[in-house]
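Computed from heavy atoms alone, side chains included, the values below leave out hydrogens, waters and symmetry copies.
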Amino acid sequence: QVLLVESGGGLVQAGGSLRLSCAASGLTFSNYNMGWFRQAPGKEREFVAAIMWSGGSTAYAESVKGRFTISRDNAKNTVYLQMNSLKPEDTGVYYCAADMSQLRLSRMVGAHDYWGQGAQVTVSS
């Protein structure tokens with residue numbers, strides 16, 4: 001069974017930082033591009049960041065560019081999202097996702113094959 005488990009969420013004041021981790025099991029981690037998405041209540045799930053299977057390229061939503069950094073450690077089967085200068089509008093459930101396509105990073109929810117359970121991030125003003 002493929003399992004993606006997020007950790008590191010919580011409550012933080014605006015301007016603060018959090019680091020999310022996503023540990024993967026049940027798949028060959030280096031065969032997958034990885035992404036982070038987020039969803040607020042009543043809203044569509046939206047793309048946040050993605051990283052190529054090798055870690056060689058990344059992509060970010062415009063709303064988080066310059067504040068968030070995605071990285072991965074293939075030896076640990078883990079992908080990370082470092083979130084700095086957090087804003088109240090960053091609040092939501094953050095999901096880790098795996099994409100078996102390796103040639104192009106996808107920003108589409110439907111392109112991803114496996115999803116974690118989500119981690120709540122709340123940023124207070």
Side-chain angles (χ1 to χ4, degrees):
Q1 183 183 359
V2 173
L3 187 64
L4 305 178
V5 180
E6 299 97 336
S7 60
L11 175 65
V12 66
Q13 196 171 25
S17 297
L18 287 172
R19 189 176 82 153
L20 301 180
S21 298
C22 172
S25 60
L27 52 72
T28 302
F29 187 67
S30 61
N31 286 350
Y32 291 82
N33 295 339
M34 300 297 297
W36 288 96
F37 295 76
R38 66 188 182 190
Q39 188 169 24
K43 303 188 73 174
E44 292 282 341
R45 192 168 300 187
E46 67 176 1
F47 171 78
V48 176
I51 187 165
M52 205 169 73
W53 64 272
S54 64
S57 63
T58 57
Y60 297 93
E62 284 296 319
S63 59
V64 308
K65 195 172 295 182
R67 300 188 297 120
F68 290 12
T69 303
I70 188 170
S71 61
R72 68 190 294 162
D73 186 341
N74 285 353
K76 295 182 178 179
N77 285 192
T78 301
V79 63
Y80 306 94
L81 185 68
Q82 178 67 46
M83 304 184 292
N84 298 328
S85 301
L86 282 161
K87 305 174 180 179
E89 51 262 47
D90 295 318
T91 293
V93 178
Y94 282 68
Y95 297 92
C96 173
D99 174 12
M100 69 175 66
S101 297
Q102 296 182 328
L103 296 180
R104 181 185 179 275
L105 295 176
S106 179
R107 303 165 115 96
M108 303 294 293
V109 169
H112 291 78
D113 303 287
Y114 303 105
W115 294 85
Q117 81 289 346
Q120 178 68 45
V121 172
T122 303
V123 184
S124 62
S125 56

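- Considering CZ of Phe29 and SG of Cys22, their distance stands at 7.0 Å, rounded to 0.5 Å.
- With rounding to the nearest 0.5 angstrom, the OG1 atom of Thr122 is 10.5 Å from the CG atom of Leu86.
- Each of Trp115 and Val79 belongs to its own hydrophobic cluster when Ile, Leu, Val, Met, Phe, Trp and Tyr are linked at side-chain heavy-atom distances under 4.5 angstrom.
- Closest heavy-atom contact between Ala119 and Glu6: CB-CB, 3.9 Å.
- From Leu103, atom CG reaches atom OG of Ser106 across 12.5 Å, with rounding to the nearest 0.5 Å.
- Closest non-hydrogen pair, Tyr60 versus Ile70, comes out as OH-N, 2.9 Å.
- Residues Ala14 and Pro88 share a closest heavy-atom pair of CB-CD, 4.2 Å.
- Judged purely by atom type and a 3.5 angstrom limit, Asn33 has no side-chain atom pairing as donor or acceptor with the backbone of Asp99.
- Both Tyr114 and Leu20 belong to a common hydrophobic cluster when Ile, Leu, Val, Met, Phe, Trp and Tyr are linked at side-chain heavy-atom distances under 4.5 angstrom.
- Checked by atom type and distance alone, the side chain of Asn74 pairs as donor or acceptor with a backbone atom of Trp53 at under 3.5 Å.
- By the 4.5 Å heavy-atom criterion applied to side chains, Met83 and Val121 are counted as neighbours.
- Contact annotation: the side chain of Tyr80 never approaches that of Ile51 to less than 4.5 Å [non-hydrogen atoms, C-beta and beyond].
- A heavy-atom distance below 4.5 Å is found between the side chains of Cys96 and Trp36.
- Looking at Arg38 and Ser63, their side chains come closer than 4.5 Å, going by heavy atoms from C-beta outward.
- Side-chain contact between Leu11 and Gln120: absent, with no pair of heavy atoms (C-beta onward) separated by less than 4.5 Å.
- Arg45 is listed as a side-chain neighbour of Tyr95, based on a closest heavy-atom distance under 4.5 Å.
- Residues Gln82 and Ser17 approach most closely at NE2-CB, 4.0 Å, considering heavy atoms.
- The two residues Ala23 and Thr78 make their nearest non-hydrogen contact at CA-OG1, 4.1 Å.
- Atom OG of Ser125 sits about 9.0 Å away from atom CD of Gln13, to the nearest 0.5 Å.
- Ring pair Phe47/Phe37 is perpendicular by interplanar angle, where above 60° counts as perpendicular and below 30° as parallel.
- From Asp90, atom CG reaches atom CZ of Phe68 across 4.0 Å, with rounding to the nearest 0.5 Å.
- In this structure, OG1 in Thr58 is found 12.0 Å from CZ in Arg72, a value given to the nearest 0.5 Å.
- Tracing side-chain contacts under 4.5 Å through hydrophobic residues (I, L, V, M, F, W, Y), one reaches Met34 starting from Val2; they form part of the same cluster.
- Put simply, the side chain of Met100 does not reach to within 4.5 Å of the side chain of Asn31, judged on heavy atoms.
- What you find for Leu4 and Ala24 is that their closest heavy atoms are CD2-CB, 3.4 Å.
- At least one side-chain heavy atom of Leu105 sits less than 4.5 Å from a side-chain heavy atom of Met52.
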